[in-house]
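Right, I'll just put the structure down here and ask away after.
Order of the sequence lines fixes the chain letters, A, B, ..., with proteins taken first and strands second; residue numbering starts at 1 for each chain.
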Amino acid sequence: MITTTRIKEEFDLILLGLQKRGLDLRSELEEILEQDDVRKRTQKELDDTLHEARILSKEIGGLFKAGKKEEAEQAKSRTSALKAQEKVLHQKLAETEEALTEKLRHIPNVPHESVPKGTSESDNVETERWGEAEGSGEQHKPHWELAKTYGLIDFEAGVKITGAGFPVYTGKGAILQRALINFFLDRNVAAGYQEVLPPHFVNEDSAYGTGQLPDKEGQMYHITADDLYCIPTAEVPVTNLYRGDILKEEDLPKRNTAYTPCFRREAGSYGKDVRGLNRLHQFDKVEVVVVEHPDRSYERLDRMVEHIGGLIKELEIPHRILRLCGGDLGFTSALTYDFEVWSRAQERWLEVSSVSNFESFQSNRLKLRYRPSDGGKPQLCHTLNGSALALPRILAALLENNQTESGIVVPKVLQPYTHFDLIQ
RNA sequence: GGAGAGUUGGCCGAGUGGUCGAAGGCGCACGCCUGGAAAGUGUGUAUACCUCUCAAGGGUAUCGAGGGUUCGAAUCCCUCACUCUCCGCCA
């Protein structure tokens, strides 16, 4: 959520930034400022009323003590008008505040200056490409065929026991999953991230904290009996670790990594998008989540991109990095890099990671702040996160790219984890 | 799941209707003392919003959360959440 202070101070800049998303929100922003003025006036009125009532009740107390009962009773009658006024103002304030946040919620984050203008995927800017991609796919089998041939994934069994989009990994397929998870976690820990193993369900407050609620309600599995939500990404529980916190400036950055399964309803998806491992309801992912000082968040983003790129290189998978354009940028992000691996058989790019700087957009909603070392007022932190990495599409690319006459070759870096180097 | 006890500031802990944003202690910060330190001693030590907007000052709210009683609630009542103890169940 963007702050009203910022809207007031950087009105034109914000307007300009949002244009990169193809949005003209001038009137919405103006309405917010007007609403904020109403809020302030109401608050002042309410505070004054309460102040008056407070003084009066102190007087009454004094009168009772002094034994002046009649005068006290008289004073009492004067409070009833104040009480009525107080009630009205209180309600008005609550309504105004609610309307204000409701409006504020619909303003997306302001894109960073480096975000290219654009309306769709095609306007994303490729910043890096690694390995041999494009073409050469004719004699390659798609991963769902390979998975079946080598007994790595049983999609039908998943359908039987749960439903479509819930694959069962079997044998070397299951071991490969475990190997990838451990490989990613080990590398992240070596890079300085603290490993955490969070709950896979979160409460409503947490879902609000990272912005899944109220807008993306339909994307999450909801356990109604206990009012809990299955996490769509580890970002939700890990970021909420810091909800409402005031950190010490010297404790920044906070860097965490977590493996969790991710649950997504993916309502409305169909066709080739959901074939095989392309899109699932349950999948495994290792995530990195960072809370950083505002002055250093972009430097941090660059390092995260470098680290995640390094992981894919180690796995020797052809990939590219895209800087997302305004139109493709997520609602909460100020700058996002997408990592895509090459699916040789499908001859298309598959997104395996999305690394973003949310600046203070998330922390404003989370009330996540740090106290400056010089003792000044608490300031909002910046938050960043990225997948490092999402397993299914990595596995898909791995199977398709590494298929040979004799079987599927396991990348060298995974062999210490799998204890086999070939899938036959 | 049943019964009981509890939840107060960074931490411990007092406070059962008024002058309580809250005693006392610890911790922390700054000063004094000291050659330096410890001890001692003095001062300060929450957050949000409003006013002001440079600062200072002032106002309001917050004693687990929400609602109620009352002129007035940390204190009384109701609902919920969480923690602990005992019983039950259990990987």
Once you apply the 3.5 Å cut-off to both distances, tell me the Watson-Crick or G-U wobble partner of B:rA5, or none. B:rU83
When you check the side-chain N and O atoms of A:S363 and A:S360, is any donor under 3.5 Å from an acceptor? no
Using the P atom in both, what is the distance from B:rC52 to B:rU62, to the nearest Å? 24 Å
For A:K87 and for A:L56, locate the closest nucleotide of RNA chain B by heavy-atom distance; then report the residue assigned to the nucleotide nearer the 5' terminus. A:K87
How far does the C1' atom of B:rA5 sit from the matching atom of B:rA91, given to the nearest Å? 29 Å
My understanding is that a pair needs two contacts under 3.5 Å, Watson-Crick or G-U wobble. By that rule, which nucleotide pairs with B:rA56? none
Using the C1' atom as the reference point in each nucleotide, state the distance between B:rU79 and B:rU53 in Å, no decimals. 43 Å
Any side-chain N or O of A:R54 below 4.0 angstrom from OP1/OP2 of B:rG59? no
Taking atom P in both B:rG72 and B:rU60, compute the distance separating them and give it to the nearest angstrom. 15 Å
Ranking B:rA48, B:rC50, B:rG72 by distance to the side chain of A:K83, first place goes to B:rG72
A:Q43 has its side chain closest, among B:rC71, B:rA46, B:rC49, to B:rC49
Re B:rU47: Watson-Crick or G-U wobble partner, both distances kept under 3.5 Å, found to be B:rA61
Can you tell me if the side-chain N/O atoms of A:R369 get under 4.0 Å from OP1 or OP2 in B:rA48? yes
Using the P atom as the reference point in each nucleotide, state the distance between B:rA74 and B:rG17 in Å, no decimals. 13 Å
Identity of whatever pairs with B:rA23 - Watson-Crick or G-U, under 3.5 angstrom: none
Answer with base, sugar-phosphate or nothing: what part of the nucleic acid does A:I60 contact at a heavy-atom distance below 4.0 Å? base
With the side chain of A:I246 defined as its heavy atoms from C-beta on, choose the nearest nucleotide among B:rU47, B:rC71, B:rC50. B:rU47
Would you say A:K76 reaches B:rU70's phosphate, i.e. side-chain N/O to OP1/OP2 under 4.0 Å? no
Where the side chain of A:H51 is defined as all heavy atoms beyond and including C-beta, which of B:rA61, B:rC49, B:rG59 is the nearest nucleotide? B:rG59
Against the six-membered ring of A:Y259, is A:K285 placed for a cation-pi contact (under 6.0 Å from the centre, within 45° of the normal)? no
Taking the P atom of each, how far is B:rG15 from B:rC54, in whole Å? 46 Å
Considering heavy-atom distances to RNA chain B, does A:E52 or A:K377 have its closest nucleotide positioned more toward the 5' end? A:K377
Separation of atom CG in A:D47 from atom C1' in B:rC49, rounded to whole Å: 8 Å
Compute whether any side-chain donor of one residue and acceptor of the other, for A:E86 and A:T49, lie under 3.5 angstrom apart. no
Can A:N240 and A:R243 be counted as having a side-chain donor-acceptor contact under 3.5 angstrom? yes
What contact category does A:R39 fall into here, base, sugar-phosphate, or nothing, at under 4.0 angstrom with non-hydrogen atoms? sugar-phosphate
A:R323 charged N/C atom sitting above A:Y337 aromatic ring, 6.0 Å / 45°: no
Using the C1' atom as the point on both nucleotides, what is the distance between B:rC32 and B:rA37, in whole Å? 15 Å
Cut-off 3.5 Å, side chains only: do A:Y370 and A:D245 have a donor facing an acceptor? no
What distance, rounded to whole Å, do you find between the two P atoms, one in B:rG18 and one in B:rU75? 12 Å
So which nucleotide from B:rA48, B:rU51, B:rC71 ends up closest to the side chain of A:S57? B:rC71
Partner of B:rC90 under the Watson-Crick or G-U wobble criteria, both distances under 3.5 Å, comes out as none
